[in-house]
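Everything below concerns the one structure shown next.
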Amino acid sequence: MQNDLIIRAARGEKTERSPVWVMRQAGRILPEYRAVRASLSGFKELVETPDLAAEVTVQPVDILGVDAAIIFSDILVIPEAMGLPYEMIKGKGPHFPKVIERASDIDALHVADGSELQYVYDAIRETRKRLDGRVPVIGFAGAPFTILCYMIEGQGSKTFSNARRWLHAYPNEAHALLEKITASTIAYLKLQVAAGVSVYQVFDSWAGVLSKSLYQEFCMPYLERIAQEVNSVPRTIFAKGAQFAMEDLMASSYNTVGLDWTMDPMQIRAMNPSKVLQGNLDPTVLYAEDEVVVQKTNEMLSSFSGGGHIANLGHGVYPDTDWRKVKLFIDTIKTSNNTNQ
Ligand code: CP3
């Protein structure tokens, strides 16, 4: 591997600088992505065609110069593999024609063994071939609670109140659903590792709608099982908006904990100095003048000093961001003389 910075940093080793990648770097912002996407019937065709998925996975490595590629796919392939297919509606986002409405719907769900998602492993293998050792490939999956949110709500939501309702009104059924999602996710991540991902990230995008005690009951045991069972590569947990969960996540079996831009690296680092932290520039900084982007990126880097760091935004890059600002963010990190640790 010519550039294994992210693997070394994720293992907790001291590196010459913080490695950098950007959540949602594949797709969204690059004209080259839009060109590939325009020739297709939809998002799913791109996800399910390994050659094309590999092409857009490699684009940010070539164009932006990131230190890792993240495989182009979506967290919603897991509900689909379990029997709830998703649709991606232009301008609106995901939609599930069939959702979980009663306990018998959970009984009817299939526990995925991973073989349903062969196109993802094929895309990983094709990506590795095209990268030819330039940078590592990051795998990913949704956290069980975030996947439960989509399976119950059938689409995005500000409050996910229907999903939260299940935690209180039908806790046993909610646990049964989380068990099935967790088993499916473990099988899926193991096959991603077998196909060649060097690290993986679990996205708990809707963690922020919970409380500390709900997180401890309905998230931590499942997240912990994933990290313990898929343990042959370094792993990252990113629980957006979940300040209340940081003590638990910093004591978990994940090597790296992702921070959003509302979180204070110093305060979180103090909970467990041996963990690697990832993040956390506010993605809206990238709408500012170049000088501001450089200044805020440098401030972000120094806020992580004193321990392991993987540079990233505090959430996915927004779709209307100018890709040149993303490149400026990346170049700033690559040329800064910060030492990781
Ligand atoms: O990071 C990457 O670049 C790799 C690819 C990736 C996608 N989705 C591609 C995608 C990853 C890692 C994801 C994860 C994902 N998907 C999450 C967790 C990350 C986060 O942002 O919190 C979530 C919640 C989803 C569900 C999802 N998929 C939503 C809500 C949407 C619609 C809005 C949006 O984000 O654009 C998607 C669609 C989606 N997933 C697109 C892409 C490139 C846009 C599809 C298009 O080209 O039309």
Side-chain angles (χ1 to χ4, degrees), residues 20-49 52-61 63-64 66 68-80 84 86-96 119-120 123-124 127 137-151 153-158 160 163 185 188-189 192 197 199-209 236-242 258-261 278-280 283 312-321 323 326 330:
V20 57
W21 69 282
V22 174
M23 288 187 273
R24 315 301 291 273
Q25 67 189 21
R28 285 192 154 181
I29 50 164
L30 294 175
E32 290 81 357
Y33 166 79
R34 297 204 190 103
V36 174
R37 177 78 169 71
S39 66
L40 303 172
S41 62
F43 174 74
K44 287 182 82 167
E45 187 184 350
L46 185 46
V47 167
E48 291 165 16
T49 311
L52 296 175
E55 182 177 345
V56 299
T57 298
V58 175
Q59 282 174 351
V61 178
I63 302 164
L64 301 173
V66 284
I70 178 161
I71 193 68
F72 188 84
S73 183
D74 203 275
I75 61 170
L76 304 177
V77 301
I78 277 290
E80 181 158 286
L84 299 182
Y86 71 98
E87 296 167 350
M88 204 55 85
I89 300 172
K90 211 174 150 38
K92 271 194 71 187
H95 176 256
F96 288 81
Y119 58 83
V120 178
I124 292 168
T127 298
V137 180
I138 304 173
F140 72 91
F145 171 70
T146 287
I147 297 300
L148 171 146
C149 283
Y150 282 107
M151 288 178 130
E153 303 268 353
Q155 57 192 10
S157 159
K158 279 209 170 69
F160 287 100
T185 302
Y188 177 46
L189 285 170
Q192 289 189 39
V197 304
V199 297
Y200 69 86
Q201 173 158 320
V202 176
F203 284 92
D204 211 350
S205 302
W206 309 124
V209 301
T236 300
I237 174 69
F238 174 60
K240 177 159 185 302
L259 308 191
D260 71 32
W261 65 92
Q278 177 176 277
N280 75 341
N312 207 312
L313 300 177
H315 195 200
V317 59
Y318 296 125
D320 62 349
T321 308
W323 67 270
V326 183
I330 290 158

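As the structure lists them, so they are numbered: ligands from 1, and atoms in each ligand from 1. Side-chain atoms are counted along with the backbone in the values below, which use heavy atoms only and exclude waters and symmetry mates.
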I'd like to check [X] versus [Y] (side-chain heavy atoms, cut-off strictly below 4.5 Å). Are they in contact?
X      : Y      : answer
Val197 : Gln192 : yes
Tyr318 : Arg24  : no
Thr127 : Val58  : yes
Phe145 : Val209 : yes

Ser73 (side chain) donor-acceptor with Val47 (main chain) under 3.5 angstrom
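Side chain of Ser73 to backbone of Val47, a donor-acceptor pair under 3.5 Å: no, none is there.
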With a 3.5 Å distance limit and no angle check, can you tell me whether Thr57 reaches the backbone of Ala53 through a side-chain donor-acceptor pair?
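Pair found, side chain donor or acceptor close to backbone of Ala53.
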Would you say Met23 has any N or O atom under 3.5 Å from an N or O of ligand 1, going by distance alone?
no
Less than 3.5 Å between some nitrogen or oxygen of Asp74 and one of ligand 1, yes or no?
yes
What's the shortest distance from [atom] to any protein heavy atom, and which residue and atom give it?
atom                    : result
atom 22 (O) of ligand 1 : Ser205 OG, 2.5 Å
atom 19 (C) of ligand 1 : Phe203 CD2, 3.4 Å
atom 14 (C) of ligand 1 : Ile75 CG2, 3.8 Å
atom 43 (C) of ligand 1 : Phe72 CE1, 3.5 Å
atom 31 (C) of ligand 1 : Pro94 CD, 3.7 Å
atom 20 (C) of ligand 1 : His315 NE2, 3.2 Å
atom 13 (C) of ligand 1 : Arg24 NE, 3.5 Å
atom 24 (C) of ligand 1 : Tyr150 OH, 3.6 Å

Heavy-atom distances under 4.0 Å decide this one: backbone, side chain, both or neither, for [X] against ligand 1?
X      : value
Thr146 : neither
Ser73  : backbone
Arg37  : side chain
Tyr86  : neither
Met88  : side chain

Should the pair Tyr150 and Phe96 be assigned to parallel (<30°), tilted (30 to 60°) or perpendicular (>60°) ring geometry?
tilted
Enter the distance from Asn312:CG to Leu259:CG here, rounded to the nearest 0.5 Å.
10.5 Å
Does a side-chain N-to-carboxylate-O contact under 4.0 Å join Glu32 and Arg37?
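Not counted as a salt bridge, because no side-chain N and carboxylate O are separated by less than 4.0 Å.
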Option with minimal heavy-atom separation from atom 45 (C) of ligand 1, where the choices are Phe140, Phe43, Trp21
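Shortest heavy-atom distance from atom 45 (C) of ligand 1: Phe43.
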Look at atom 33 (C) of ligand 1 and find which of Lys92, Arg28, Arg34 reaches it with the closest heavy atom.
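Considering heavy atoms of Lys92, Arg28, Arg34, the nearest to atom 33 (C) of ligand 1 sits in Arg28.
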Of His95, Lys44, Met151, which is the lone residue that meets side chain to side chain contact (heavy atoms under 4.5 Å, CB included) with Tyr86?
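Result for side chain to side chain contact (heavy atoms under 4.5 Å, CB included) with Tyr86: Lys44.
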Could you give me the CA-CA distance, side-chain angles and deciding distance for Phe72 and Tyr33, then say whether ring-ring contact (aromatic ring centres under 6.0 Å, His included) is met?
CA-CA 11 Å; Phe72 188 84; Tyr33 166 79; 5.7 Å; yes
Is Tyr33 close enough to touch ligand 1? Criterion: a residue heavy atom under 4.0 Å from a ligand atom.
yes
With the threshold set at under 4.0 angstrom, would you say Leu46 reaches ligand 1 through any of its heavy atoms?
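No heavy atom of Leu46 comes that close to ligand 1.
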Do Gln25 and Trp323 have side-chain atoms, one donor and one acceptor, less than 3.5 Å apart?
no
Just which atoms of ligand 1 are under 4.0 Å from any heavy atom in Gly93?
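The list of qualifying atoms is 32 (C).
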